[in-house]
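In what follows, every chain begins at residue 1, and chains take the letters A, B, ... in the order their sequences are listed.
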Amino acid sequence: MAGTDQLSAVFSALADPTRRAILAKLADRDATVTELTAPLPISMPAVSRHLKVLERATLISRTRSGKWRASRLEAAPLREAADWIERYRRFWDSSLSRLDAHLAAVQAAGRATDRLADDPTVPGSKVPDKEL
Amino acid sequence: MDTETPQLAISRVFDAPRELVYRAFTDPDQLAAWWGPIGNSLPRDEIEFDVRPGGYQRWTEVFAAEPELRVHIYIDLTDVADGELLEGIMHATGQLPKGIEPFETRFRVEFHDEADGRTRLEIRQWLPERLSAPSEEGWLEAFTKLDAALIRAQAIAADHQG
């Protein structure tokens with residue numbers, strides 16, 4: 001659980017649109033300072049400063065492989081939340097599809113029961129009220 | 001009612017009258033007929049409903065393909081309006097699928113009349129406490145803005161290059 005200072009660091013890091021743009025890019029894949037700078041109208045040293053802020057907020061980590069230093073999004077808690085939402089969305093989707101079919105069946109059965117009950121040629125056709 | 005923004009919102013229209021759709025949620029036999037993905041089932045003798053404000057809905061979910069699983073769902077109903085609204089806290093315990101911890105989640109289901117005798121369901125669900133602690137909630141909110149931020153950044157870059 002992040003402490004209050006940590007939380008402040010996260011919020012102030014996210015408050016800046018350039019840093020959010022950087023995080024959005026890192027959500028796709030890891031990237032170097034050069035790659036992160038390319039779509040932005042600011043200098044590489046400026047991007048480096050933003051990366052330091054994000055790193056202090058533990059929103060990213062930086063790895064060195066060879067001479068290139070890549071930044072990586074660290075959003076494990078966020079991912080867990082997103083996974084949960086996705087799981088429940090799928091759950092509702094499949095449940096509600098079944099509900100759709102169920103309601104159609106219930107209504108069809110109700111109409112059949114009505115027809116049967118109204119049919120004078122069917123003796124004792126009054127089916128117990130199923131409260132459909 | 002919870003004024004916090006729900007993390008999950010689903011709207012769907014059914015070709016059935018509102019009363020019938022409501023009953024599909026509140027009649028044990030009917031809920032058992034459709035709840036959950038295909039392959040799960042709700043043993044009838046383990047379903048207990050007392051649908052009213054302050055009441056409950058309880059059932060067990062079993063899965064044909066995974067007999068070791070037994071999920072107990074206990075819903076504390078905080079708000080009920082006959083034919084219109086079900087709101088409560090759902091607790092999931094028992095032998096849950098791998099990777100899923102017992103959890104509780106607030107939900108709200110509204111039943112609205114639509115034209116031609118159809119019904120619109122509005123389902124809202126809130127993340128479990130554990131996942132929506134202030135930090136993560138802040139993150140979640142911040143990250144929903146990321147796409148917009150990215151689009152803006154691309155627009156700025158395009159202007160810059162142009």
Side-chain angles (χ1 to χ4, degrees), chain A residues 1-4 6-7 10-11 13-28 37-42 57 59 73 75-107 110 130-132, chain B residues 6-10 12-17 20-21 23-25 27 29-31 33-40 97 99-100 103 105 107 119 121 123 125 127-128 130-143 145-154 156-161:
Chain A
M1 188 76 218
T4 311
Q6 181 56 39
L7 211 55
V10 169
F11 281 124
L14 289 171
D16 182 272
T18 303
R19 287 196 286 271
R20 289 204 298 270
I22 290 171
L23 288 174
K25 179 126 187 171
L26 293 176
D28 289 338
T37 304
L40 296 169
I42 55 173
L59 283 166
L73 183 66
L78 180 83
R79 184 144 303 149
E80 203 184 345
D83 285 350
W84 195 92
I85 292 168
E86 182 51 32
R87 194 156 56 225
Y88 252 90
R89 187 173 291 283
R90 280 201 304 268
F91 179 89
W92 279 114
D93 272 351
S94 51
S95 285
L96 295 179
S97 295
R98 288 181 76 185
L99 173 59
D100 212 9
H102 169 72
L103 291 169
V106 163
Q107 290 183 100
K130 284 185 77 189
E131 289 198 11
L132 300 172
Chain B
Q7 284 89 9
L8 180 59
I10 294 169
R12 189 148 161 174
V13 174
F14 294 89
D15 191 9
L20 195 61
V21 181
R23 205 169 298 150
F25 279 80
D27 178 313
D29 291 316
Q30 294 212 31
L31 187 87
W34 65 270
W35 179 263
I38 287 168
N40 89 332
I100 301 182
F103 63 87
T105 169
F107 73 93
T119 304
L121 268 191
I123 297 168
Q125 206 174 340
L127 274 174
R130 183 177 62 81
L131 293 177
S132 62
S135 60
E136 285 83 6
E137 200 174 3
W139 284 34
L140 202 64
E141 195 188 327
F143 270 74
K145 296 174 185 160
L146 278 178
D147 283 347
L150 181 61
I151 289 162
R152 252 196 330 273
Q154 284 168 341
I156 292 166
D159 284 353
H160 195 66
Q161 284 161 6

query = What's the verdict on side chain to side chain contact (heavy atoms under 4.5 Å, CB included) for A/Trp92 and B/Arg12, showing C-alpha distance, side-chain angles and the deciding distance?
reply = CA-CA 10 Å; A/Trp92 279 114; B/Arg12 189 148 161 174; over 6 Å; no

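Smallest separation of non-hydrogen atoms from B/Asp15 and A/Gln107: O-NE2, 2.9 Å. Residues B/Val21 and A/Leu103 approach most closely at CG2-CD1, 3.8 Å, considering heavy atoms. Heavy-atom minimum distance, A/Ser95 versus B/Gly36: OG-N, 2.8 Å. The two residues B/Trp34 and A/Leu96 have their closest heavy-atom pair at CZ3-CD2, 4.4 Å.
Residues satisfying the side chain to side chain contact (heavy atoms under 4.5 Å, CB included) test with B/Ile38, not counting sequence neighbours, are A/Arg98. With sequence neighbours excluded, the residues satisfying side chain to side chain contact (heavy atoms under 4.5 Å, CB included) with B/Ala33 are A/His102.
Contact of B/Asp29 with chain A is not made at all, since no heavy-atom distance falls under 4.5 Å. Contact annotation for A/Ser97: both backbone and side-chain heavy atoms come within less than 4.5 Å of a heavy atom of chain B. Residue A/Tyr88 touches chain B through both its backbone and its side chain, counting heavy-atom pairs closer than 4.5 Å.
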